[in-house]
Amino acid sequence: MGRPRAFDEDEAVRAAVALFGGRAYDGVSVDDLVSHLGVHRNSLYKTFGSKRGLYLVALRRHLVDDVRPLLDALAGASDAAAALRLVTSADLDLLLLAATERAPVDEEVAAEVKAALAAVDQAIADALGVSTDLAAALTAAALGIILRGNPDNATTALAQCLHPLT
């Protein structure tokens, strides 16, 4: 009979979300995971199989904990400016890093990212009564603002341009 697990898996996954969201997959070593998560190397491999296994669990947790609440909030968006503000203020760091770093080389990550972005597009389309193509353009603009450092001026200027759309 094996020893009981000496770490809280939920806490470890939350810490991994923060670590991967701040430094990306390639910027995090297994040694980083062991030291930041407080998990013994053998326990990490036994529980998650690999660094990639933990990354996938962390990405899925991020989608539940951070993207799902955004979708719920978007349902109440009254106009494009409100939707834009919701997206640009959400914690989407891990999703964006996954889209740019891992999705091009990992089909499973690509599928998770594609589904999450499609859900954001659909939530915007449903809330605003616009086509999914227009909603996807709004999502792309919002994500671009985040990638550029989310400058308040860009968000405000775009929100003013979008006002006639809703």
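These numbers were taken from a predicted model, which means no experiment stands behind them.
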Provide the closest heavy-atom pair for Ala116 versus Leu63 in the form atom of the first, atom of the second, distance.
CB-CD2, 3.7 Å
Check against side-chain contact (heavy atoms from CB on, under 4.5 Å), Val39 and Val34:
CA-CA 5 Å; Val39 175; Val34 168; 5.9 Å; no
Are Val57 and Glu9 close enough, and set up right, to give a side-chain contact (heavy atoms from CB on, under 4.5 Å), and what steps lead you there?
CA-CA 11 Å; Val57 171; Glu9 187 175 331; 5.6 Å; no
Roughly how far, to the nearest 0.5 Å, is the OG1 atom of Thr100 from the CG atom of Leu147?
7.0 Å
Leu33 CG to Tyr45 OH distance, which is reported to the nearest 0.5 Å
8.5 Å
Spell out, as yes or no, whether a donor-acceptor pair under 3.5 Å connects the side chain of Lys51 to the backbone of Val28.
yes
Kindly indicate whether the side chain of Arg14, heavy atoms from C-beta on, has any atom under 4.5 Å from the side chain of Asp65.
yes
Heavy atoms from other residues, nucleotides or ligands near CZ of Arg68 exceed 12 (cutoff 6.0 Å)
no
Would you call the rings of Tyr25 and Phe20 parallel, tilted or perpendicular if under 30° counts as parallel and over 60° as perpendicular?
parallel
At what distance, to the nearest 0.5 angstrom, does CG of Asp91 lie from CG of Leu70?
10.5 Å
Nearest heavy-atom pair of Ala58 and Leu94: which atoms, and what distance?
O-CD2, 3.9 Å
Output yes when a side-chain donor or acceptor of His36 lies under 3.5 Å from a complementary backbone atom of Leu19, and no otherwise.
no
Do you know which of Thr132, Leu134, Val87, Leu71 makes side-chain contact (heavy atoms from CB on, under 4.5 Å) with Ile124?
Val87
Straight-line distance of Leu92 CG to Ile146 CD1, nearest 0.5 Å
5.0 Å
On a heavy-atom basis, which atom in Ala77 and which in Leu86 lie closest, and how many Å separate them?
CB-CD1, 4.2 Å
Closest non-hydrogen atom pair between Leu128 and Ser78, with its separation
CD2-C, 4.1 Å
Look only at the side chain of Arg23 and the backbone of Gly27, and say whether a donor-acceptor pair between them is shorter than 3.5 Å.
yes
Check this for me, if you would: do Asp66 and Arg61 make a salt bridge, where the nitrogen-to-carboxylate-oxygen distance has to be below 4.0 angstrom?
no
At their closest point, which heavy atom of Gly21 faces which heavy atom of Asp93, and how far apart are they?
O-CB, 3.5 Å
Spacing of Arg52 atom CZ and Glu108 atom CD [to the nearest 0.5 Å]:
4.5 Å
Would you say that Leu143 contacts Leu117 through its side chain, given a criterion of any heavy-atom pair below 4.5 Å between the two side chains?
yes
Mind checking whether Leu95 and Val67 have side chains closer than 4.5 Å, heavy atoms only?
yes
Looking at Arg85, is its backbone amide N or carbonyl O close enough to the side chain of Ser89 to form a donor-acceptor pair, meaning the two atoms are under 3.5 Å apart?
yes
Do Leu97 and Ile145 belong to the same hydrophobic cluster, where Ile, Leu, Val, Met, Phe, Trp and Tyr are linked whenever their side-chain heavy atoms lie under 4.5 Å apart, directly or via other members?
no
Examine distances only and state if a side-chain atom of Asp32 and a backbone atom of Ser29 form a donor-acceptor pair shorter than 3.5 Å.
yes
Atom OG1 in Thr139, atom CG in Asp121: separation rounded to 0.5 Å?
4.0 Å
Going through the checks in order, is the side-chain contact (heavy atoms from CB on, under 4.5 Å) test met by Asp126 and Gln122?
CA-CA 6 Å; Asp126 292 347; Gln122 192 61 57; 2.8 Å; yes
I'd like to check Val13 versus Phe48 (side-chain heavy atoms, cut-off strictly below 4.5 Å). Are they in contact?
yes
What closest approach, in Å, do Ala98 and Pro104 show between heavy atoms, and which atom pair accounts for it?
O-CD, 4.5 Å
